[in-house]
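To keep things clear, I will list the structure first and then write my remarks on it.
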Amino acid sequence: MTFSAEVKPTTRRTDVLEWVSEIARLTKPSSIHWVTGSESEQRHLIDVMVAAGTIAQLNPEKRPNSFIARSHESDVARVESRTFICSTHQKDAGPNNNWAEPDEMRSTLGGVFTESMRGRTMYVIPFLMGPIGSPVTRAGIEITDSPYVVMSMGVMTRAGIVAMEVIDSGVDWVKAVHSVGAPLEQGEADVPWPCNTTKYITHFPETREIWSFGSAYGGNALLGKKAFALRIASAMARDEGWLAEHMMLIRATSPDGRVKHIAAAFPSACGKTNFAMLQPTLPGWTIETLGDDIVWMWVDEDGKLRAINPETGFFGVAPGTSEKSNPVAMETMWGNTIFTNVAVTDDNDVWWEGMTRETPDHLIDWRGDDWTPASEQPASHPNARFTVAISQCPSTAAGWDDPHGVVIDALIFGGRRRTTMPLVVEARSWQHGVYLGATMASERTAAGEGIVGELTRDPFAMAPFTGYHVGDHWAHWLAIGERLAQSGHAPRIFQVNWFRRGDDGRFLWPGFGENIRVVDWIVKRLSGETGGVDSPIGVLPHRADVNMHGLTVSDADLTELLTVDHAVIEEDAISAQSVLEFAGVRTPQSMWDENAETLRLSS
Ligand code: GTP
Ligand code: SPV
Ligand code: MN
């Protein structure tokens, strides 16, 4: 084993040194690199990856310091079927997770990780989730044999010396081990995207450990994200009385200067990034970005719900992103961006479906093959992504990394539903809001496994991410609600649906920047300025209260968007019983009460 001079241990903590040695003894890397986060390190990683063919530089005149990575075609999204929660008791993982007995999984992992880093460099990445000084900020160390993961973690988290200094001060840290599972024999040539057909994305919530094997893609491999900031953190948050949620976070300022903070939970690829970067079409409104995927929230001394974004970057869906739909995202990725599984143009820039009105005549597709509009497959993968720092985003709020966070005024749940659910509705109460979150449904997207378009229940948009029993998650939300009620500062809860379609398949609502009209109604509700129409699922807007200035939507479409059909809601409430049954005896009784109330009001 060699320790190169530049990459010697950056800590004196013996528990860290011992753990790193232990993992090195198990995985047998050819060298160990302690990640510092320096610029020279960044250049070194780029050189290593360009030489290996993992990344290629894009046209620096069009997109400075930006790169294209093409994954193996079997390694393109999260793999829920290979994701495990290894709690001592199966009942604590709940029906929402694949469970494995911890000792058995440890022995399996011991097998697959044995010499799994042979011929590769093992990188040690200290990282923080959250700004230094926040009560919910937590530290971790990811060991990985993927330089792509190192570079991505450098964008997505506070990684390197800054984090090791915090760890050295004596705080607890989460152990995260990652290997692509592709050892190299002496003299064996590497492939551009090493990975393994066998995959394990495993979590030990009780000992706060993560072990990930076989994939280098997104949430499977950037372990600060879904593995730590949602699965492990949700278990920490349950134990410690806070919340770790799959949400975006914005500051909305109305034309008359009212400032509101809103967090919204939508399932994967259902509009969080786009909502976070919304460019209002209504004059006078400003939306500022605070986060696009994960929010950690706690009840402060005044009994208010405060929130931070624990990440420092975006790992955003590329397809569908354009100057028209999301100009802020387009501007954010002007340079310093890693693109994965997008297509490349003849002038060596990026392209994806929906990016431009006209499709280029020729591209290199995400697999690296020639592509023309006559090709049957899309040029970019539907789950192609861009990785870029939040600091590059023109709409990022000043003070976005304030450790005190922001006070939440409204929480929103939303899914992708072509029928049934209206554009917006307000919950009757916190408890009813928790019911709306618990019974949320959405059509599957390419961000996970399964049939795209299939309607599934996705409680709190956390189905793949709750690191413990889903019924306990609902109970935890109810308990937080009780604490907030005591101080009288509970945020109000809303549900939205940008994805309602007509019989002809077209979207009834233009979405994106026009979603400000929904924010406008929500803010009016918060200020008590407007009434609403009671419905079985909560309070709908009076049509006259939705500001339609400058937007034409037909009367028929608007009616469809702003009303609910009682028979359809009744049917949906009956179908929602499946998710309450799924959670079994741990479903709080109040969720059944809210279901009964929905049925009573809709019959
Ligand atoms: P994850 O990063 O997977 O958690 O996803 P996300 O929730 O951040 O989703 P994102 O904002 O990236 O949106 C995914 C897809 O939905 C993109 O193709 C968008 O173009 C599309 N989309 C987002 N907002 C809207 C909207 O208001 N209307 C319509 N029709 N499509 C939208
Ligand atoms: C999601 O799937 O919800 C994502 C992308 O945000 S990943 O990080 O791969 O989980
Ligand atoms: Mn996500």
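Residue numbers run from 1 in the order of the sequence given. No experiment lies behind these values; they were computed from the predicted model shown. All heavy atoms count here, side chains included; hydrogens, waters and symmetry mates do not.
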My understanding is that only residues two or more places apart in sequence, or in another chain, count here; which of them pass side-chain contact (heavy atoms from CB on, under 4.5 Å) with [X]?
X	result
Lys175	Trp19, Trp173, Glu209
Asn98	Phe84
Ala93	Ile85, Ser87, Asn97, Trp99
Ala447	Arg78, Ser268, Ala269, Asn383, Arg385, Thr445

Pairs satisfying side-chain hydrogen bond (donor to acceptor under 3.5 Å, both in side chains), at least one member in residues 409-421, at least two apart: Arg417-Asp572
Polar contact flag, side-chain donor to acceptor under 3.5 angstrom, Asn341-Ser71: yes
Check: Asn274/Trp498 side-chain N/O donor and acceptor closer than 3.5 Å: no
Sequence-distant partners of His469, side-chain hydrogen bond (donor to acceptor under 3.5 Å, both in side chains), two or more places apart: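 With sequence neighbours excluded, His469 shows a side-chain hydrogen bond (donor to acceptor under 3.5 Å, both in side chains) to no residue whatsoever.
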Contacts of Thr88 that satisfy side-chain hydrogen bond (donor to acceptor under 3.5 Å, both in side chains) - sequence neighbours left out: Glu206
Just to verify, what does [X] make a salt bridge (Lys or Arg N to Asp or Glu O under 4.0 Å) with, not counting sequence neighbours?
X	value
Arg586	Asp92, Asp472
Arg231	none
Lys225	Asp293, Glu311
Glu570	none

CZ-CZ distance between Arg428 and Arg492, expressed to the nearest 0.5 angstrom: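 So the CZ of Arg428 and the CZ of Arg492 are separated by 14.0 Å.
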Charged tip of Lys272 within 45° of Phe266 ring normal and under 6.0 Å: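 So Lys272 doesn't make the cation-pi contact.
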Residue list, ring-ring contact (aromatic ring centres under 6.0 Å, His included) with His178, at least two apart or on another chain: none
